[in-house]
Participant: 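Have a look at the structure that comes next, please.
Reminder, nothing fancy here: chain letters follow the sequence lines and each chain counts from 1. Bear in mind the structure is a predicted one, so any value in this text is a computation, not a measurement.
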2 protein chains.
Amino acid sequence: MDGARSMANVKMSDIASLAGVSESTVSRALSDNPLINEATRLRIKKIAEDHGYVLDLRARNLRLQKTGTISVVFPLLHEVDSGFSDPFFLEMLGYLADELSDRHYDLLLHKIAPGEPRGLVELINERRSDGVVVIGQSTQNAVINELASRYEPLVVWGAALPDNHYLTVGSDNYNGAVMAVQHLVALGHRRIAFFGDKILPEIGERYAGYVAALEKADIALDPSLECRVPFDRLGARKAMNGFLDKKLPFDAVFAASDLVAIAAINVFDQRGIRVPVDVSIVGFDDIMLAAAYTPALTTVRQDIGGGAKALVETLFHRLNGTPTQSTILPTSLVVRASCGAK
Amino acid sequence: MDGARSMANVKMSDIASLAGVSESTVSRALSDNPLINEATRLRIKKIAEDHGYVLDLRARNLRLQKTGTISVVFPLLHEVDSGFSDPFFLEMLGYLADELSDRHYDLLLHKIAPGEPRGLVELINERRSDGVVVIGQSTQNAVINELASRYEPLVVWGAALPDNHYLTVGSDNYNGAVMAVQHLVALGHRRIAFFGDKILPEIGERYAGYVAALEKADIALDPSLECRVPFDRLGARKAMNGFLDKKLPFDAVFAASDLVAIAAINVFDQRGIRVPVDVSIVGFDDIMLAAAYTPALTTVRQDIGGGAKALVETLFHRLNGTPTQSTILPTSLVVRASCGAK
DNA sequence: AACTAAAATGCAATCGATTGCAATAACTAT
DNA sequence: ATAGTTATTGCAATCGATTGCATTTTAGTT
């Protein structure tokens, strides 16, 4: 770990000697403290510049008791696929990176495995970051709740569950699902399947919207039309094939996410079921690839950029002590080819 | 920034008083230093545990002159799309996160805009991380080269350009492209278009492979069959539509990335050109969605997981002073439906 | 020129750890 | 017992900044 850094390592005391002043003066000059004489300030800045001086953030942060960093945590949905699975999360990450760097904050990326929620607690205790954004509550609701009672600068992307004690930012999953299903109903579909795992809070909300929309359209809910699709690719295919093997008649699918929709179209294709000719399908998320898919995916758009912005704003309000609330972002239906309406 | 942290903030000196020993002893006990008496060590650890003590990494890192963090930098390819564009990069990011967390290192995520390469230099100077992984040299080769001469713990994912002074880990783009094009040739195609922007080093290597494979097959290179597809979605569509407007006959496409291939299939579809019936297409990357696409994409697989591993290993060798070299990872052809061979 | 007010700078403590060296306690051998 | 080890523990300096308070310098007033 030595000899690795071959770059000039100028520190504040060096600049101080060079300028013939004290460290205090250098510190103040560099931070534009008005106590310092204009001429002195300029001279010091010039010297610092010339010698390529850069503040050591470790030291400054230790002194100031902050870090200039925000942790972004992804609870993994399952053990199988070790990478991030859903492009949705990744788009969110990109936007978060933008929002944070606009505020000159750094982004510390963490993944926590389903087994070990302790990770979150340690992350916080080590004081590596000034606040935490958790992307998706997954099945960790209880842990997050417990944690939030002791740690304030925490915001979660996900569903606003009734028993949450933590701040959330999330999409209006319920109404998004209602719109999706109503659209399918309007196209004349009656036997609409639900593909997704409603154990996850957000998916649960989407399922509730599905149920409500069916009820409103006077279509009896047929529980056998629900296919519990897990988040890993193989499991998903297996579940969907199992569903198809039952040979239940259905004319449309409301998929709980675009990824599920895409996987479904693929499985359908292999069995000669054509989308949207034989079956209409609507997804959820509007990931970048939804528009580029063939057929292009009808889907419920979540405002990912807006979500990232709200997450960061909410977090900074917390950090500054400004009162804030949870946010629910509106969703909208994007009609494309996969539902046959085009 | 005050009152934000409501969590108990126990520090080492607190544990020391509680245990009736000095801070030194606590420090040593917690790090299992054999100097400390077994009984004392256990007692101190117990107390620390009971009081939820966690090391303040800022302080430790300042003292030890390290950070326990690795920066991962994404040079943005274009100004338009502010998010990360390519799922390939994001899969890479996921794997890097795994590799680093296995080594108990944190991952600091950075994006640098095309305009301001200074970002990289500052990032390094602020000493926020012990090393840097740059994902894709983009068009920043000169900057990276200059930087690498002064800063050692730096590894770059990308092409091993002849004038590089920095360590790289990358795929065998050339041979991957050769395989892809040879496959198309073997299927009887003669007019094979190249879709991609060869200004980027890696794409340049793929183009070279394309040219070589054609030559070997005695097919004259037709420059009009090259379509310079930029990285942003709109620009890409525009370029491809422009290409199609020229009505040049072609029977296959070698796309420089899966994303380009997917976009191409989409544009083709809108014009009634069917894949693989009318045109065969081969992509590059094997992103997760390549298999899930309809038609499933024939593509050149890059070993992303292996790449991430090599990047991290190479970087740690650098940090430890162990001599290392650049790595070129083998690529392989994955045959699926989009080339019509299935 | 003398004195006061204001402006500019420096001193030294502090953030929370680690570690070389000195000091003390506990043992061993004679 | 006594000197000589050896096993434990503590002191104090250090990492690189920031900042309240004291101090010096400069400017302003009569």
Participant: Is it the case that the side chains of B:Ser24 and B:Ser27 hold a donor-acceptor pair, with the cut-off being a distance below 3.5 Å and no angle test?
Facilitator: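 Per modelled atom types, B:Ser27 and B:Ser24 side chains form no pair under 3.5 Å.
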Participant: Can you sort out the partners of B:Thr327 under side chain to side chain donor-acceptor pair (under 3.5 Å), two or more places apart, ordered by chain and number?
Facilitator: none
Participant: Sequence neighbours excluded, which residues qualify as salt bridge (charged side-chain N to carboxylate O under 4.0 Å, His left out) partners of A:Arg43?
Facilitator: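 Scan of A:Arg43 (salt bridge (charged side-chain N to carboxylate O under 4.0 Å, His left out), adjacent residues dropped) gives none.
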Participant: In whole angstrom, give the distance that lies between atom CG of A:Asn33 and atom P of C:dA7.
Facilitator: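 One finds 14 Å between P of C:dA7 and CG of A:Asn33, rounded.
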Participant: Got a sec, which residues hit side chain to side chain donor-acceptor pair (under 3.5 Å) with A:Arg63, two or more places apart in sequence or on another chain?
Facilitator: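 A:Arg63 satisfies side chain to side chain donor-acceptor pair (under 3.5 Å) with no other residue.
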Participant: Quick check on the helix from C:dA1-D:dT30 to C:dT30-D:dA1: what's the angle between its two end axes, five base pairs per end, to the nearest 10°?
Facilitator: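 About 50°, once rounded to a multiple of 10°.
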Participant: Under the salt bridge (charged side-chain N to carboxylate O under 4.0 Å, His left out) test, which residues partner A:Glu38, sequence neighbours left out?
Facilitator: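 Residues passing salt bridge (charged side-chain N to carboxylate O under 4.0 Å, His left out) with A:Glu38: A:Arg41.
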Participant: In the 5'-to-3' direction, what one-character label does each nucleotide of nucleotides 12-22 of chain C receive under the scheme B = base within less than 4.0 Å of a protein heavy atom, S = sugar-phosphate only, - = no such atom?
Facilitator: BBBBBBBBBB-
Participant: Checking A:Asp56 now: which residues fulfil side chain to side chain donor-acceptor pair (under 3.5 Å) with it, not counting sequence neighbours?
Facilitator: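 If we apply the side chain to side chain donor-acceptor pair (under 3.5 Å) test to A:Asp56, skipping adjacent residues, the hits are A:Arg58.
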Participant: Starting from P on D:dT8, measure out to CG on B:Asn37 and report it in whole angstrom.
Facilitator: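 Value for this atom pair: 5 Å.
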Participant: Taking only residues two or more places apart in sequence, or in another chain, which ones meet B:Asp50 in a salt bridge (charged side-chain N to carboxylate O under 4.0 Å, His left out)?
Facilitator: B:Lys46
Participant: Check side chain to side chain donor-acceptor pair (under 3.5 Å) between A:Asp32 and all other residues, then give those that pass, not counting sequence neighbours.
Facilitator: A:Lys45
